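Worksheet: the structure to be examined is printed underneath.
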Amino acid sequence: MWESKCWEEDTLLAYKAGFGMGCLCGCFLDPYVFTVWIISVARKLFDEMPFRDMGCWNAMISGFCQNGNAADALDVLIEMRSEGVKMDPVTVASLLTACAQSNDNLSGTLIHLYVIKHGLEFDLFVCNALINMYAKFGCLGHSQRVFHEMEVRDLVSWNSIVAANEQNDDPITALGFFNRMQLSGVKPDWLTLVSLASIIAQLSDAEMSRSVHGFILRRDWFREDVVIGNAVVDMYAKLGAIDSARTVFEGLPVKDVISWNTLITGYTQNGLASEANEVYCMMQECKEIIPNQGTWVSILPAYTHLGALQQGMRVHGRVIKNCLYLDVFVGTCLIDMYGKCGRLDDALSLFYQVPRMSSVAWNTIISCLGVHGHGEKAVKLFKDMIDEGVKPDHVTFVSLMAACSHSGLVNEGELYFHLMQKEYGIKPSLKHYGCMVDLLGRAGHLNKAYSFIKKMPVQPDASVWGALLGACRIHGNAEWGKLLQKACLKLIQRTWATMFCCQYLRNNREMGREGDHCEGLERFHHFKAGTCSCGDYW
DNA sequence: GTAGGGTTAG
């Protein structure tokens, strides 16, 4: 009796609150509005219940948790505890998931203590939720400990521990767990394959990628969920097999916005910015696909590479319309786009608007200042970064040393190379060594640069030799250049192709020829195909 | 009434 009364009252309440019949129909079209409304109805029903059993409390708590509303779930929990009702495994499993989603490490740990105190640590659902929660917090050791102490494990336990390792950048251990899972007789499902696709991409194992693809095709799992299709598109894109990624994408029975974003990102990250733009244009023709934050973050770097300022600005307009201009990911892409296209004032103004607690926005603006020869300003921003308590990372030093190099700040560059190791404990990568060679070579210290390469504790790659070759070119030292060319022709050709392409794009940008990159790309393909040598451009 | 999933910035 009271149930039907509540339904009628709430429908009326919603109507009075502005949901006329038209709006109410709108609720059913907009899942978010509908969810908010239906949860408020559930809460009202719950409040008016004369008696609540464990099922009712859990239904209310899990309802809030599943909709990402951890604060309201916590309110219900406090009410439940105040009535002397204890949490059972169902309550705990729901709350742990909410802690993971809201990155609430403290509450999650407190609930884990409750689990141990009340002997719930042998419950399968609780353990699986714990594995996943600790993985989301980045505490892989805790996830593994929970997994090892489990007496009974099911498919979800195995999938959780495989995904935990995969998502924390340990593909080898993840693969080890996958093999153990098979040995223990547990059959993988499509969610196992989602993790496996990502593991293979991280391991760059092209041969295994084909096996995984075939395994999924034989079971017709692309029809299970769009997620598995997106994972395979991403796997091929990350392996550089962008054509395979495109074929899988085109064959997907259902495509969502993430499918499109994945393909756009794939093209951008494989250096095919024009193709990324083509896919973005195709996406806009699909009326059922609404671009989101991921879309802007996928397409903006493509416009940066093309120097296509006008197109980038158009995206900026859409970002503002969607209230995403303060999003740290989108904001960083916009800073980079304006900065690399020569609009440093706009880049700086955006930089001071976006949240900058992490190093990424700082690295971007330091890099932008550096490529335009404002080394001293870049150094000043690095000092500001330290003053604001932001910890620099390996990318900060690449940007900073490159900035020093382009402005002839040799002493400063050397100083930061040492500071990075001594003060911040960052081991130099090939990129840092390349920066040092560029710094010394560009300043004319060719001998010093060569001795530096010889003393490197790791094998120099094309970028390191390329930096020295570039210096030979700048200082007109053809003799050294020819020697280097003979010594490592293959490496140099690749480096030259990249260098030429970058230089060409930069020139276009400076001349205001946005997006006119065809000639650069054509020459790049000649290099790749071996139909011309770097000597042709010497 | 409970647990597992895909893309993204420098």
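Below, chain A is the first sequence line, B the second, and so on; all start at residue 1. Heavy atoms only: backbone and side chains are in, while hydrogens, waters and symmetry mates are out. Just so it is clear, the model here is predicted, and its values are computed rather than measured.
One can place OH of A/Tyr325 at 23 Å from P of B/dA9, the figure rounded to the nearest angstrom. Taking atom CG on A/Asn67 and atom P on B/dT2, their separation rounds to 12 Å, with Å as the unit. Distance A/Leu96 CG to B/dT2 P: 14 Å, rounded to the nearest Å. For the pair A/Asp225 CG and B/dT7 P, the computed distance is 13 Å after rounding to whole Å. A/Asn270 places its CG atom 15 Å from the C1' atom of B/dT8, with the value rounded to the nearest Å. What separates OH of A/Tyr114 from P of B/dT2 is a distance of 18 Å, to the nearest Å. Regarding A/Tyr280, its OH atom lies at a distance of 14 Å from the C1' atom of B/dT8, rounded to whole Å. Between the CE atom of A/Met357 and the C1' atom of B/dA9 there is a distance of 15 Å, given to the nearest Å.
Side-chain proximity of A/Val156 to the nucleotides B/dT7, B/dT2, B/dA3 is greatest for B/dA3. The side chain of A/Pro301 lies closest to B/dA9 when the candidates are B/dT2, B/dT7, B/dA9. Relative to the side chain of A/Thr262, the nucleotides B/dT2, B/dT8, B/dT7 differ in distance, and B/dT7 lies closest.
Residue contacts for A/Met60: at a heavy-atom cut-off of 4.0 Å it reaches no nucleic acid atom on any strand shown. Residue contacts shown for A/Thr396 are absent, as no nucleic acid heavy atom lies under 4.0 Å away. No contact: A/Asp327 has no heavy atom under 4.0 Å from any strand. Residue-level contact check: A/Val328 touches the bases, meaning some heavy atom is under 4.0 Å from a base atom. Across all strands shown, A/Gln269 has heavy atoms under 4.0 Å from sugar-phosphate atoms exclusively, and none from any base. A/Asn292 comes within 4.0 angstrom of no nucleic acid atom, judged by non-hydrogen atoms across all strands. Among the heavy atoms of the strands, none lies under 4.0 Å from A/Ser298. Here A/Val398 lies out of heavy-atom contact (under 4.0 Å) with every strand. Within 4.0 Å (heavy atoms only), A/Asp393 reaches at least one base atom of the nucleic acid. Within the 4.0 angstrom heavy-atom criterion, only backbone atoms of the sugar-phosphate kind lie near A/Val194; the bases stay farther away.
For A/Trp260 and A/Phe249, the gap between ring centers is short of 6.0 Å. Within the 6.0 Å centre-distance limit, the rings of A/His213 and A/Tyr236 are counted as a close aromatic pair. Aromatic pair A/Trp158/A/Phe178: ring centres not closer than 6.0 Å. Ring to ring, A/Trp57 and A/Phe46 are close: their centroids are under 6.0 angstrom apart.
Applying the 4.0 Å criterion to OP1 and OP2 of B/dT2, one finds that A/Gln66 has a side-chain N or O inside that range. Here A/Lys238 reaches the OP1 or OP2 of B/dT8: one of its side-chain N or O atoms lies under 4.0 Å away. The side chain of A/Gln293 contributes no N or O atom lying less than 4.0 Å from OP1 or OP2 of B/dT7.
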Query - Residues A/Asn277, A/Ser274; criterion side-chain hydrogen bond (donor to acceptor under 3.5 Å, both in side chains); working and verdict - result: CA-CA 5 Å; A/Asn277 184 40; A/Ser274 290; over 6 Å; no
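The two atoms that bring A/Gln202 and A/Glu166 nearest to each other are NE2-O, 3.1 Å, heavy atoms only. Shortest non-hydrogen contact noted between A/Pro171 and A/Ile199 is O-CG2, 3.7 Å.
Of all the residues in residues 123-137 of chain A, A/Phe125, A/Asn128, A/Asn132, A/Lys136 reach under 4.0 Å from DNA chain B with at least one non-hydrogen atom.
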Please report, to 0.1 Å, the donor-acceptor pairs under 3.5 Å made by any side chain of residues 391-402 of chain A, with sequence neighbours excluded.
unit_1	atom_1	unit_2	atom_2	d
A/Asp393	OD1	A/Asn363	ND2	3.2
A/Asp393	OD1	A/Val395	N	3.1
A/Asp393	OD1	A/Thr396	N	3.0
A/Asp393	OD1	A/Thr396	OG1	2.9
A/Asp393	OD2	A/Ser359	OG	2.9
A/Thr396	OG1	A/Asn363	OD1	2.7
A/Thr396	OG1	A/Asp393	N	2.9
A/Thr396	OG1	A/Asp393	O	3.3
A/Ser399	OG	A/Asn363	O	3.4
A/Ser399	OG	A/Val395	O	3.1

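The salt bridge (charged side-chain N to carboxylate O under 4.0 Å, His left out) analysis of residues 349-374 of chain A, with sequence neighbours excluded, yields the pairs A/Arg356-A/Glu388.
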